[in-house]
Amino acid sequence: MTRDDWYRHDRLPHIYCSGCGNGSIINCVLEAVSDIGWNIDETVFISGIGCSSRAPGYIQTDSLHTTHGRAIAFATGVKLANPDLHIVIFTGDGDLGAIGGNHFIHACRRNIDLTVICINNYIYGMTGGQGSPLTPYGKKSTTTPYGACEMPFDLCNLAVAAGANYVSRWTSYHVTELTKAVTAGLLTEGFSFIEVISQCPTSYGRRNSLREVSDQILYLKNNAVLHQRWKRMQEKGEDLSSDQFVVGEFIRQSRPSMGVSR
Amino acid sequence: MTRDDWYRHDRLPHIYCSGCGNGSIINCVLEAVSDIGWNIDETVFISGIGCSSRAPGYIQTDSLHTTHGRAIAFATGVKLANPDLHIVIFTGDGDLGAIGGNHFIHACRRNIDLTVICINNYIYGMTGGQGSPLTPYGKKSTTTPYGACEMPFDLCNLAVAAGANYVSRWTSYHVTELTKAVTAGLLTEGFSFIEVISQCPTSYGRRNSLREVSDQILYLKNNAVLHQRWKRMQEKGEDLSSDQFVVGEFIRQSRPSMGVSR
Amino acid sequence: MRHEVRFSGFGGQGIILSAVILGRAAVLYDNKNAVQTQVYGPEARGGASMSAVIIDDEDILFPKVINPNIFVIMSQEGFLKYGAGAPGNAVMLLDSGLVHDRPSCRYYEIPASREAKDRLGKIIVANIVMLGSLVAATGIITKEALEAGILSSVPKGTEDLNIRAMKLGFDLIMEGKGEP
Amino acid sequence: MRHEVRFSGFGGQGIILSAVILGRAAVLYDNKNAVQTQVYGPEARGGASMSAVIIDDEDILFPKVINPNIFVIMSQEGFLKYGAGAPGNAVMLLDSGLVHDRPSCRYYEIPASREAKDRLGKIIVANIVMLGSLVAATGIITKEALEAGILSSVPKGTEDLNIRAMKLGFDLIMEGKGEP
Amino acid sequence: MMKLFIDETRCKGCNICTMVCPYSIFTPGDTPNRRGIYVPVLDRPERCTNCRLTYLYGRQLCGVCSMICPDQAISWIADEPYSARCVVIEY
Amino acid sequence: MMKLFIDETRCKGCNICTMVCPYSIFTPGDTPNRRGIYVPVLDRPERCTNCRLTYLYGRQLCGVCSMICPDQAISWIADEPYSARCVVIEY
Amino acid sequence: MSRTEFFQGNIACAEGALAAGCRFFGGYPITPSTEVAEHLALKLPKVKGGCFIQMEDEIAGIAAVIGASWTGVRAMTATSGPGFSLMMENIGYAIMTETPCVIVNIQRGGPSTGQPTMAAQGDMMQCRFGSHGDSSIIALCPASVQECFELTVKAFNLADQFRTPVFLMADEAIGHMRERISIPDSVPYTGRKPAEKDTLPFKPDEDLIPGFAPFGSGHHVPVTGLTHDWRGYPATTNPDLHAELVSRLYHKIEDKRNGIADYEIENREASVVFICYGAPARTVAQVLHDQKHDGKDDLGCLRLRIVWPFPEALLEQFPHASVFIVPELNLGMISREIQRHTAVPVRSVSKIGGELHTPRELLQVAEEYR
Amino acid sequence: MSRTEFFQGNIACAEGALAAGCRFFGGYPITPSTEVAEHLALKLPKVKGGCFIQMEDEIAGIAAVIGASWTGVRAMTATSGPGFSLMMENIGYAIMTETPCVIVNIQRGGPSTGQPTMAAQGDMMQCRFGSHGDSSIIALCPASVQECFELTVKAFNLADQFRTPVFLMADEAIGHMRERISIPDSVPYTGRKPAEKDTLPFKPDEDLIPGFAPFGSGHHVPVTGLTHDWRGYPATTNPDLHAELVSRLYHKIEDKRNGIADYEIENREASVVFICYGAPARTVAQVLHDQKHDGKDDLGCLRLRIVWPFPEALLEQFPHASVFIVPELNLGMISREIQRHTAVPVRSVSKIGGELHTPRELLQVAEEYR
Ligand SMILES: Cc1ncc(C[n+]2csc(CCOP(=O)(O)OP(=O)(O)O)c2C)c(N)n1
Ligand SMILES: Cc1ncc(C[n+]2csc(CCOP(=O)(O)OP(=O)(O)O)c2C)c(N)n1
Ligand code: SF4
Ligand code: SF4
Ligand code: SF4
Ligand code: SF4
Ligand code: SF4
Ligand code: SF4
Ligand SMILES: [Mg+2]
Ligand SMILES: [Mg+2]
């Protein structure tokens, strides 16, 4: 089976805006599952609510489009009740980082065998552009009209601190690297977390002087700093610019995990 | 005013079991606020639900004994609506670490000017001894009759990763150090988090071969490893024993904070 | 007399804004009553967006459009979804470059997008061109009210452009360009 | 005949367990009906704990104690809170070392804690001593049922100790020690 | 041989493909289709590594455009081999 | 001078005080009070640093027992100075 | 003096809050209520003492609002079905602790995520019975943009007066439509009755409501959601105290139900009487307006602006009623309540799916009884 | 064969779940329901395929249960008021997605944290109306330890049969008391109707209920809480689809209400009729038992074991009733429902605070009507 066979073609084209990064990310995830060769009957996609969380609806498997923020909690039940199922979660910076934060850190702690793809577009896309806990300091949204005055989370740091077995970050531009990271996450026992920074031209870009889709793509391309390089920068006492972010793999370990099929 | 003046004497003796560490910790916190000399009219204690969360009820100030896990969210409203109030939160490992985890990490992220005292007795005391997300691996509780099979959180790590300005850990045995840590937390702008490991003879000790209160006190005394020593151990490649835990100050910084009275 | 106007097009064309401007102009500057409503929903994102305005001299009780008698259509999908069923006695203004089909009622072909691009250099104001044409063609509100409505609705710095777009809309009708 | 038994003491004395054993014994080994209830609540922690058992040959419909006629009291606070109001026709067994006051009904003074400590070396089984005395004094269930009830309720390895405690309770009554 | 193909019923005209192809095979379209979409046009698609070499190597060789196309609009369909002609490859 | 004082209406007999005093001033009680509590007894409380020296230094000097007593049962009340007598301090 | 605007219902609601002196908004975005938050995000920071915060979820939103209210400020949140469900526990806390606050629910189609962008009145029972335990609350239903403004103001006044959460139960149709609104320079104001010095903080006055002592005012109020006595101290195993407290919380509102009723009656002589609230009232108004054109006048209407506590005495205002027709955008919620109080047949006209009843649909039902 | 035990209601409930084949418990401890979880924490790990998990809160608890249910296993949670309130959003999700699951609520005194250790029936309206939007559910009320067992079994059967969340609405009095229970070797079992191959996953059969296709069975079911069509695809702006779906969810239960009714009737000829459920039924039973001793027989009783959907046809079983006396441990919740359906006067006898009505109290009320 190829990536294309995993799509629910009768639901395409999807509802995403033109230039939205979500579609690229779904491609990468499906590429990874088809590469690994998971059985489509035994793979379940689960999500919360948001543009990003609509992803499972376009995939030809059993899927659970749940309530806002709760995908991981639902998935925990699915996985523990049937550890033979492979479970991938699609979520957003709002769904996971705001309302769903608790389920997130608890899943990391339990190291339950799930893979979470968090599409971080810095904004609540679905509801029209409110700030999220990932909206960078100073950036505009409909609920931060004067610029966000709260510091954002670093979800990867949080996942590491909470105990996840696999953590990495890429962007919707880095499709090749992302596909590899997702593959690694899927194959790691325990909880895997992949944050994907993505463009939302409709609700984020146009409010933050990234008018065109291409501006956002270039932003992702130019501001991604490789984990290894960041380490070297730190050693030299250098700091990231306010737009830069670190990409790469942050941890891969094997703390005790739950729900692993034997 | 001395510590004693902060107590609601008409409510003493409190409901805590004989030998429970909660009372000692309240002493330390009140010692700290009276040391600093906060005005009793402008100090508010806020808590969730649990034995630990009953603490504010014994203190002669305005107080808010809220719903389970939500103390920080309520406190956020109090503080932002009136930044002149000093706010201290009492919570437990269940209240903060289980149901209240999301409010916790968000408050760390926002760095809102609150001080949180989390009494970690490794158990849900109030409801009679169920496991909490802090119950150490393998330990018994009424809901982990075969020993906890989930890894516990390190709340201090989590607080640091989420962005808190002040984080430290002590125990109900270390009353002097604890009082100093609380004082430091109260005086730090932004979010301060002090975890206090404490004995619960009724619901934890007797299920985990710490039958007597004295066993638990000795446990706290003997297994606390000072932060600095732990660093040296790490350098030497040594590990903590399964009973040991690290105490001391983990961070004191001044990231941007919210709700600070000007 | 109750007028029910329906706007449709695709996301980004400013369909909603057109309706709001019309309603606001009617209420604030023409002293009429107006109710503006619209279709929300994610489906509106890729597909056709729709907004409606009811204008009446009397109080507007039932606030939803029942029998729209004026249509402003700016995309083919919008036409199919919201314009194709227009009753015989309706009037339709359509962006002739974007709508391929034609209704069975009276209609005006307004090359709004093309003219906006060619004459004003900004395709983004095509909706205001359509508004101008609408008012010129139907007189549903006064031109003065429309102008005031536009001025109080568009972002600072774009007033001039928008007024020129409105006038372009007037002209396209006056020049008889739109006549069916 | 409906009997309503009320147990009270402080936390840690095994007040609840006593009641459960009595109820279980009645139901499983004496083929009677029984309902056991208790007071929960954090206030019960430091203060007096209370548990009640209703025993009846018929079905027990209303499950709460209305007029307790048998009291087993193991602390002064328990006495004040749950025993002091005992009606004249009631019977009370009290741990004479722990309860200072005396009721106005018939009562047995059982030095259960002291005897448990002195004779069995374990103050923890004072409640079982009281249970033994209760059954010996009132015959509310058979001694055999009580023994079976205890055996099926106490932790493995403590059976012998508990049975000895029960017998000690019997003896204290037989020896007339508790007589009022 | 394979042929690059843009599914017009899916493409939303975002032009991301025009930014990522190492051979600049995609260029922004300039006329809207019936849905009002400016679908990119292909510039000498036979230059695409994937088209040329996938069969040879028996696996996907680039495919970045197809992977990044958020609307699942880019794919390859089988095609008869191109007749020999000079292909200028621009790096 | 001050005098160490255990409030019997509060003490729950946990004996934590008996573990922490550097002078072992508290020792576990052996008879229950009316509430059934074994309140610790004080062994030569005049040895307590706090009792002896707080007035002298104008601040709390030890106070660990009082701070750790979970039941707010330990405090100091004013007392007439002890009459001179030999105090053996055991370290 | 007043100014005229062409506003959405949601914006009018936010403007009403500002006019009422609301100084704190804590919430979480959700369609179709988000514009309330967005407008306050723009405006509150510009008002002295004003604070807008987007919390991590709705549970935290209402929690922050309750916390803010205890500092003495007027505070509100806005949400829709899913968020409203999440608030239920803390709403009960506000009831139990007698914390004034305003909760706006712009109702959308449920259950669950259902129809995020469509109108409904499906949470009318939930606002009354959605939190565990016995209680009573106040719920207002606007039928126009103007009323979104006015009833928001009123909601704050009632919240302060009764020390209770008050719900503005609007719906997507009213919240999202734009129409004429006239915004007055000043609005009615009834604040919290202050606590007298040295009174017990939860000891009620004769009106069953205790005076309010904000945090920081030296009253040292211990607030708890546990059953508490007049001092605020927990007393969780005392049946009498619980019965007294919870009955009082119930009666302080329910006893006034016919007094605080806010309604419009049209044609008391009618035989066919519509009872309505919120968006369907617009359809009913159209039908009643149209009957005059048709030269008829046997249709009447009771329109409720305060739906809970339900003012059942109003049902007697129609001595000739042969039927009560109750159009609702749900499966007949307030119809249930009406049935309890009257012998007149109640005809529930449910419509779910997001569209309003058309005038024709209601007329057809009315015809059946003519 | 069966064995006799002396169990708490909560333990009986857990045992009932095990007997019914429940293999998943996800929950969060709360007094007075915790023993249900604790017992299952002990037992489930010993059962093949059994899984107990304590989640981070009640929201996650019910979420995990719903997730587990989609793998085809029987799954449950147990809670009390505050936790129940938190579950409301996801309960709506279970309703909308037609996910069978059992939710045990051991009711305690509310609102808010209220009286954690005292008995109440204050969540009876909440279980019916606590989630946003229109819906219907099934609620069972045990009045003895034996019924805690039996009705838990029945709850699982009804959940599977109707593809809906089913509530076991017990109370602290029943949950915490210990009494005789007889545990049979096997229990009635009605499982989920399986989905036929290649049918649409949400296309109902004639009984209005679609067949169930568990995850992993190759049916590729897209489950969503949004309004969806028969394929499970979102269709959130289609009024007709929404109306069809939500009406069906309502009617699949409500239409069967008089059929699935589970009740006991005593003395159809009575003039004074008690209607009761749960713990107060014990008091009523005592009163009726005692009247025989007094040589009277004018008291009758309708005891409901299934309270929702409300089987109103049963009210007609008492042709001579001059009053319905409804003792409840709340301020009169089911009384409200009864009032809707009958012309017989309804006398609500509320008791809140945690204690049961005494036989004398109820007798006194009955005397008023004798
Ligand atoms: C309980 C609840 N609160 C709020 C909402 C409204 N809501 C839907 S999606 C969303 C935000 C989604 O943001 P994110 O997860 O970043 O997804 P994106 O749309 O940006 O991909 C919100 C707040 C909801 N559906 N349910
Ligand atoms: C929503 C909700 N869920 C559950 C409970 C029951 N509950 C009360 S306290 C508590 C645990 C408290 O544990 P912790 O915070 O560790 O406090 P401790 O008693 O150990 O000090 C729980 C689960 C509740 N009151 N509310
Ligand atoms: S709103 Fe943003 S995230 Fe949502 S579909 Fe559009 S571009 Fe993508
Ligand atoms: S149960 Fe544990 S935490 Fe609670 S009062 Fe008793 S000892 Fe303290
Ligand atoms: S990336 Fe895909 S959707 Fe975007 S323009 Fe290219 S083909 Fe079209
Ligand atoms: S596969 Fe690679 S080379 Fe071929 S068109 Fe796509 S991006 Fe260009
Ligand atoms: S520490 Fe306090 S409560 Fe404990 S024994 Fe000593 S005086 Fe009593
Ligand atoms: S203050 Fe110090 S020295 Fe004095 S009794 Fe207490 S612990 Fe001992
Ligand atoms: Mg997002
Ligand atoms: Mg704890």
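Hydrogens, waters and symmetry mates play no part in the numbers below; they use all other heavy atoms, side chains included. Order of the sequence lines fixes the chain letters, A, B, ..., with proteins taken first and strands second; residue numbering starts at 1 for each chain.
- Heavy atoms closer than 4.5 Å to chain F are found in the backbone of B/Ser172, but not in its side chain.
- Contact annotation for B/Cys28: both backbone and side-chain heavy atoms come within less than 4.5 Å of a heavy atom of chain F.
- Looking at B/Thr176, the atoms closer than 4.5 Å to chain F (heavy atoms on both sides) all sit in the side chain, from C-beta outward.
- Within the 4.5 angstrom heavy-atom criterion, atoms from both the backbone and the side chain of F/Met67 approach chain B.
- Within the 4.5 angstrom heavy-atom criterion, only side-chain atoms of B/Gln199, from C-beta onward, approach chain F.
- A centroid separation of less than 6.0 Å is found between the aromatic rings of B/Phe104 and B/Phe193.
- Counting heavy-atom pairs closer than 4.5 Å to chain B, the top residue among F/Ala73, F/Gly63, F/Cys14 is F/Cys14.
- A donor-acceptor contact closer than 3.5 angstrom is absent between the side chains of B/Lys180 and B/His174.
- Counting heavy-atom pairs closer than 4.5 Å to chain B, the top residue among F/Ile68, F/Ile37, F/Val64 is F/Ile68.
- For chain B, no part of F/Thr18 is nearby; none of its heavy atoms comes within less than 4.5 Å.
- Heavy atoms closer than 4.5 Å to chain B are found in both the backbone and the side chain of F/Asp71.
- Evaluation of the side chain to side chain contact (heavy atoms under 4.5 Å, CB included) rule for B/Ser203 yields B/Ile123, B/Cys200, B/Arg207 as partners, not counting sequence neighbours.
- A heavy-atom distance below 4.5 Å is not found between the side chains of B/Asp154 and B/Phe250.
- Under the 4.5 Å side-chain criterion, counting only non-hydrogen atoms from C-beta, B/Tyr173 is in contact with F/Val20.
- Residues F/Asp43 and F/Thr27 bring no donor and acceptor atom of their side chains to less than 3.5 Å of each other.
- Sequence neighbours left out, the pairs with a member in residues 17-35 of chain B that pass side-chain hydrogen bond (donor to acceptor under 3.5 Å, both in side chains) are B/Arg3-B/Glu31, B/Tyr7-B/Asn27, B/Asn27-F/Gln72.
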